[in-house]
K.L.:
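Starting off with a structure, shown below.
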Amino acid sequence: MTHNCIHWFRKGLRLHDNPALVSALRDCKDLYPVFVLDPHLYNSDHMGINRWRFLVGCLHDLDCSLRKLKSRLFVLRGHPEDVFPELFKKWDVTKLTYEYDTEPYSLSRDGKVTELAERHGVEVVYKISHTLYDMDRVIEENNGKAPLTYNRMQAILKSLGPPKKPVPAPTLEDMNEIKTPYTENHEEEYGIPPLGELCEDTAAPGEEKFPGGEEEALRRLDEHMKRTAWVCKFEKPQTSPNSLSPSTTVLSPYVTFGCLSARTFWWRLAGGYQGNKHSSPPVSLHGQLLWREFYYAASVGIPNFNKMVGNPVCTQVDWDSNPELLAAWREARTGFPFIDAIMTQLRQEGWIHHLARHAVACFLTRGDLWINWEEGQKVFEKLLLDGDWALNAGNWLWLSASAFFHQFFRVYSPVAFGKKTDKNGDYINVQQAAGCIVGKDYPQPIVKHEEIHKKNIQRMKLAYAKRSSDAAVSPNKKQGWTTDTATGTAAPPPAATSLMSGQRPGRVQPLTLTSLNSNTALL
DNA sequence: TAGCTGGTTGGGCAA
DNA sequence: ATTGCCCAACCAGCT
């Protein structure tokens, strides 16, 4: 049986380690590589100019690589549930392949598309290759709950064994029996739209420091892997948030869009470690990839993960709503040079160091401005090239001391923290020169840090006191379980409910007896 | 079970 | 320059 097959690119914008694509090529006659500009994801709320530019770079690189396989990329606009039925008919499609994606929107979208595919007699195949591990397996192994500490996560992953090896990219030989039917009008019909057509932002973007695409990703990976000693010695907390050139790899945007496979990255690192003394998780480069797994598992296992209300692991805090302070933070005019320099770099380059993210996130939330971390999350999502749904939410939960991290009395100083690694303020000078907002009219600090951060620690203390008293009244609540006040029966958290009804599109995944028994709330 | 330990990355001061 | 302690005292997971 040979198929007319669509491979649907969403994340996973690469040919290497793409098992779903390999599955498509195995029994394929006509191949249609497709990317859909879904307005739910690709709109001005989610996409700043730098993200748009990165995505366009990825798509051009993908099309270029596909041409080398005598194929092409087909770019379409619209909601996937509208686009695919038309394509199924138009191209007489019999098989659809894609990479599994655990984001809530993706799961519901893929569920709908799978249903439509089945209605059109189209076989659907998906593969896990965005993460090192199968997140549902991780949660199953931890008795149906997401691990809440890195140590616990490590123990679970150890029991699952090392990640799978990446699969090779398709070659011309693999394409011998396969063709992609495209016409002379391909550019007009299915070409990649120019940046100006996609992005409302009229301001000219800055220098493109991190061009998108798989080729660039693999080139950068090679460059870093040449420095074996640096790779082996890498300890994240020792890297600098305000060095003039990045003190880390900046491979995260490439992993986010799937230009670089996390498994390829993992096994290249393993090769570099081989026979050498090297650092270990959580601070090593392997450790960084495991943090990603940690947050992905949390995002799958915890309901309302990117929100405060309805998120069972999130401390409920009476954050202020203050649009003026929020705008000052977002637009790099807080009057704290270190904070404003970081926000300037974020807006200009789309990337800032992890510890710089800590500094500005702490400042926005529990440190100074007392603004809900969800507001910061939105800003980061739009501006960061590596704005990843699970990692962004997880890190904001962490930094605001809402979940995972609870030592809220450890507060970053918006002045002192930067001075540790940049005594002369060189980073601030560079960003002031580059920034369009920070400049001659440098404002006064919008808050008095010394006073307000102590007051805020007390406010956090109150929020935590409320948190533990709530947990004492209703121990089930802490686990995300709700108790029906009328009957007194406990109901599972939404995540477990959706698992029962089959969270993966096209597959029913029953809640196991083990996971039920191990939840003490039921017993 | 209750107590203990560790937690990728704080600041500020003393020695 | 680096280390160690205090500040006040959190949670999750382990024993």
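Lettering follows sequence order; numbering is per chain, from 1.
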K.L.:
Using modelled atom types and a 3.5 Å cut-off, is there a donor and acceptor pairing between side-chain atoms of Asp386(A) and backbone atoms of Ser252(A)?
P.N.:
no
K.L.:
Output the rounded distance in Å from NZ (Lys454(A)) to C1' (dG11(B)).
P.N.:
10 Å
K.L.:
Taking only residues two or more places apart in sequence or in another chain, which ones pass side chain to side chain donor-acceptor pair (under 3.5 Å) with Thr248(A)?
P.N.:
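Here no residue qualifies.
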K.L.:
Using atom CD of Gln407(A) as one end and atom P of dG11(B) as the other, report the distance to the nearest whole Å.
P.N.:
14 Å
K.L.:
Can you list, in residue-number order, the parts of residues 147-158 of chain A that come under 4.0 Å of DNA chain C, counting heavy atoms only?
P.N.:
Leu148(A), Thr149(A), Arg152(A)
K.L.:
When rounded to the nearest Å, what value does the distance between P atoms of dG6(B) and dG4(C) take?
P.N.:
16 Å
K.L.:
Over how many whole Å does the gap from Leu399(A) atom CG to dT8(B) atom C1' extend?
P.N.:
12 Å
K.L.:
Apply salt bridge (Lys or Arg N to Asp or Glu O under 4.0 Å) to Arg219(A) and list each qualifying residue two or more places apart in sequence or on a separate chain.
P.N.:
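In terms of salt bridge (Lys or Arg N to Asp or Glu O under 4.0 Å), with neighbours along the sequence ignored, Arg219(A) is linked to Glu216(A).
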K.L.:
Given the P atoms of dT8(B) and dC14(C), what is the spacing between them in whole Å?
P.N.:
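Approximately 13 Å lies between the P atom of dT8(B) and that of dC14(C).
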K.L.:
Is the shortest side-chain N/O distance from Lys461(A) to OP1 or OP2 of dA8(C) below 4.0 Å?
P.N.:
no
K.L.:
Identify whether the distance between the nearest side-chain nitrogen and carboxylate oxygen of Arg292(A) and Asp388(A) falls below 4.0 Å.
P.N.:
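No, no charged N to carboxylate O under 4.0 Å.
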K.L.:
Please give the distance between the P atoms of dC11(C) and dG11(B) as a whole number of Å.
P.N.:
23 Å
K.L.:
Counting only side-chain nitrogens and oxygens, does Lys420(A) get under 4.0 Å of the OP1 or OP2 atom of dG11(B)?
P.N.:
yes
K.L.:
Calculate the interatomic distance between Phe405(A) atom CZ and dA9(C) atom P; express it in whole Å.
P.N.:
15 Å
K.L.:
Taking Asp101(A) for the side chain and Ser106(A) for the main chain, is one N or O donor matched with an acceptor at less than 3.5 Å?
P.N.:
no
K.L.:
What is the separation between atom NE2 on His453(A) and atom C1' on dG12(B), rounded to the nearest whole Å?
P.N.:
10 Å
K.L.:
Do Asp318(A) and Lys466(A) sit within salt-bridge range, that is, some charged N less than 4.0 Å from a carboxylate O?
P.N.:
no
K.L.:
Does the pair Glu374(A)/Lys378(A) count as a salt bridge with the N-to-O cut at 4.0 Å?
P.N.:
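No salt bridge links Glu374(A) with Lys378(A).
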K.L.:
In whole angstroms, how far is the C1' atom of dC11(C) from the CD1 atom of Ile302(A)?
P.N.:
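Checked: the CD1 to C1' distance equals 14 Å.
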K.L.:
Stem list for DNA chain B, please, built from Watson-Crick and G-U wobble pairs under 3.5 Å and keeping only runs of at least 3.
P.N.:
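Stem segments, range with range: B:2-7 with C:10-15, B:10-15 with C:2-7.
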K.L.:
Between dG13(C) and dT1(B), how far apart are the two C1' atoms, rounded to whole Å?
P.N.:
14 Å
K.L.:
Which part of the nucleic acid does Val411(A) contact within heavy-atom distance under 4.0 Å: base, sugar-phosphate only, or nothing?
P.N.:
sugar-phosphate
K.L.:
Whole angstrom is fine here: how far is it from CZ in Phe404(A) over to C1' in dC10(C)?
P.N.:
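Atom-to-atom, Phe404(A) to dC10(C), this comes out as 15 Å.
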K.L.:
Kindly state which residues belonging to residues 236-244 of chain A come within less than 4.0 angstrom of DNA chain B, counting heavy atoms of the residue only, listed by number.
P.N.:
Lys236(A), Pro237(A)
K.L.:
Please determine whether a side-chain nitrogen of the Lys or Arg among Lys11(A) and Glu103(A) lies less than 4.0 Å from a carboxylate oxygen of the Asp or Glu.
P.N.:
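Result for this pair is yes, salt bridge flagged.
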K.L.:
Ring centres of Phe417(A) and His358(A) under 6.0 Å apart?
P.N.:
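Distance test on ring centres: not under 6.0 Å, no.
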K.L.:
What's the gap between dA8(C) and dG3(B) when it is taken at their P atoms, as a whole Å value?
P.N.:
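Those two atoms are separated by 23 Å.
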K.L.:
When all nucleic acid strands are considered with a 4.0 Å heavy-atom cut-off, which category describes Glu235(A): base, sugar-phosphate, or nothing?
P.N.:
nothing
K.L.:
So, does Arg410(A) get its side chain near the phosphate of dC11(C), meaning an N or O under 4.0 Å from OP1 or OP2?
P.N.:
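Negative; the distance criterion is not met.
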K.L.:
Would you indicate which nucleotide in dC11(C), dT8(B), dT9(B) comes nearest to any side-chain atom of His358(A)?
P.N.:
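The answer is dT9(B).
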K.L.:
As a test of reading the structure: which of dG11(B), dT8(B), dA12(C) is closest to the side chain of Phe417(A), going by heavy atoms?
P.N.:
dG11(B)
K.L.:
Does a salt bridge link Lys382(A) with Asp201(A), judged by any charged N lying under 4.0 Å from a carboxylate O?
P.N.:
no
K.L.:
When the C1' atoms of dA9(C) and dT5(B) are considered, how many whole Å apart are they?
P.N.:
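Looking at atom C1' only, dA9(C) and dT5(B) are 14 Å apart.
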K.L.:
Side chain of Phe409(A) only, heavy atoms from C-beta on: which candidate in dT9(B), dC11(C), dA9(C) is closest?
P.N.:
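Ranking dT9(B), dC11(C), dA9(C) by closest atom to the Phe409(A) side chain puts dA9(C) first.
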K.L.:
Please list, one pair per line, the donor and acceptor atoms closer than 3.5 Å that link side chains of residues 275-283 of chain A to other protein atoms, with sequence neighbours excluded.
P.N.:
| from | atom 1 | to | atom 2 | distance (Å) |
| --- | --- | --- | --- | --- |
| Asn276(A) | ND2 | Gly272(A) | O | 2.9 |
| Ser279(A) | OG | Cys232(A) | O | 3.3 |
| Ser279(A) | OG | Phe234(A) | O | 2.6 |

K.L.:
Verify, without hydrogens or angle tests, whether Arg357(A) (side chain) and Ile352(A) (backbone) share a donor-acceptor contact under 3.5 angstrom.
P.N.:
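Present.
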K.L.:
Expressed in angstrom and rounded to an integer, what is the separation of Phe338(A) atom CZ from dG10(B) atom P?
P.N.:
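About 13 Å, once rounded to whole Å.
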K.L.:
Are Tyr133(A) and Phe294(A) an aromatic pair by the rule of ring centers under 6.0 Å?
P.N.:
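That pair fails the under 6.0 Å test.
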